[in-house]
Amino acid sequence: MSEYGYEFYMQECNSKGQPLTDTAPKRLEQDFQGLRYASIDGIEAFGAPKNVYSESYADADRLRVYAPADIKHKETTVTLTLYFVGENRFTSLDAFNGYVKKGFHRYWDTARNKWFAFYVKDELKPAEQMWHGSTPYLKMDYKLINIFGRTFDVENQ
């Protein structure tokens, strides 16, 4: 559990966001030694609607719009910032990178109680390699492609 009392999870899923039944959720700060959650940015974003259409005619007095009841969203990018701390930071980093680069995953936490499904497209390289006092750490920024372009309530997993 983080110092603020929240838990951060990931689980492998299929391209429809459904958890794989043969995989258990990973508690990030417990299952990857030395991993520390720092922040997540873009989790609240909604992608642009992709099934809404509009037409404009020169002789019309208004815009014609088709907007279905169930709006689908374009993908968004979520930035997850993690620290890998201590002597085993490179081992933990390699283990997490190997895990997160493989296929699709779900992310959720107990702070927001929202989940989203994602994949990692970009290269993975440390943003910082530093020492804080006598403790070495690596800072990593992960660009997660949110395939649904929005989040869902954890209760509806």
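Note that the structure is predicted; figures quoted are calculated from it, not measured.
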So Tyr57 and Glu55, side chain to side chain donor-acceptor pair (under 3.5 Å) or not? Walk me through it.
-> CA-CA 7 Å; Tyr57 295 97; Glu55 297 175 329; 3.0 Å; yes
Can you check side-chain contact (heavy atoms from CB on, under 4.5 Å) on Val100 and Met10, steps first, answer last?
-> CA-CA 9 Å; Val100 78; Met10 282 187 187; 4.1 Å; yes
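Judged by distance alone, with hydrogens and angles left aside, the side-chain atoms of Glu12 form no donor-acceptor pair with the main-chain N or O of Phe104 at under 3.5 Å. Formation of a donor-acceptor pair under 3.5 Å by the Asn146 side chain with backbone atoms of Arg150 is found in this model. Checking side-chain atoms of His73 against main-chain N and O of Gly47 turns up a donor-acceptor pair under 3.5 Å. The main-chain N or O of Glu155 is never found under 3.5 Å from a side-chain atom of Asp153 such that the two would form a donor-acceptor pair. Listed for the Thr23 side chain is a donor-acceptor partner under 3.5 Å among the backbone atoms of Leu20.
Applying the 6.0 Å contact sphere to CD of Gln33 captures no more than 12 heavy atoms from other residues, nucleotides or ligands. Enclosure of atom NZ in Lys101 by more than 12 non-hydrogen atoms of other residues, nucleotides or ligands within 6.0 angstrom is indicated.
Using a 4.5 Å heavy-atom cutoff, the side chains of Leu124 and Met140 are in contact. Two residues are said to be in side-chain contact when any heavy atoms from C-beta on lie closer than 4.5 Å; Val65 and Val52 meet this criterion. Gln11 is listed as a side-chain neighbour of Trp108, based on a closest heavy-atom distance under 4.5 Å. For the pair Val78/Ile40, a side-chain contact is recorded, criterion being any heavy-atom separation below 4.5 Å from C-beta on. Contact check for Phe32 versus Tyr99: side-chain heavy atoms found under the 4.5 Å cut-off. Considering only heavy atoms from C-beta on, Pro126 stays 4.5 Å or farther from Lys139 through its side chain. Residues Asp70 and Lys72 are in side-chain contact: their nearest non-hydrogen atoms beyond the backbone lie under 4.5 Å apart. When side chains are defined from C-beta on, Ile145 does not count as touching Phe118, because their heavy atoms never get closer than 4.5 Å.
Contact between Pro49 and Ile71 at its shortest, heavy atoms only, is CB-CG2, 3.8 Å. Taking both residues in full, the closest heavy atoms of Lys16 and Phe148 are given as O-CZ, 3.3 Å, listed atom of the first, atom of the second, then distance. Shown here for Ser56 and Leu63, the closest heavy-atom pair between the two residues is CB-CD1, 3.8 Å. The two residues Ser134 and Trp131 make their nearest non-hydrogen contact at O-CZ3, 3.3 Å. Listed here is the closest heavy atom pair of Lys121 and Tyr119: CB-CE1, 3.6 Å. Closest of all the heavy-atom pairs between Pro25 and Asp31 is O-OD2, 4.1 Å.
Cation-pi contact between Lys26 and Tyr9: absent, since separation from the ring centre below 6.0 Å together with deviation from the ring axis within 45° is not met.
A salt bridge links Arg27 to Glu7: at least one charged side-chain nitrogen sits closer than 4.0 Å to a carboxylate oxygen. Ion pairing between a basic and an acidic side chain is recognised when a charged N comes within 4.0 Å of a carboxylate O; Lys143 and Asp141 show no such pairing.
Taking CG from Asn88 and CG from Asp94, the interatomic distance works out to 11.5 Å, rounded to the nearest 0.5 Å. Note: Ser92 OG to Glu87 CD = 13.0 Å, rounded to the nearest 0.5 Å. Note that CG of Leu138 and CG of Leu93 are 6.0 Å apart. Values are rounded to the nearest 0.5 Å. Note: His105 NE2 to Cys13 SG = 7.5 Å, rounded to the nearest 0.5 Å.
For Tyr142 and Phe96, the gap between ring centers is short of 6.0 Å.
Remark: the Asp109 side chain and the Tyr107 side chain contain an N/O donor-acceptor pair separated by less than 3.5 Å.
Residues Phe46 and Ile43 do not share a hydrophobic cluster, defined by chaining ILVMFWY side chains whose heavy atoms lie under 4.5 Å apart.
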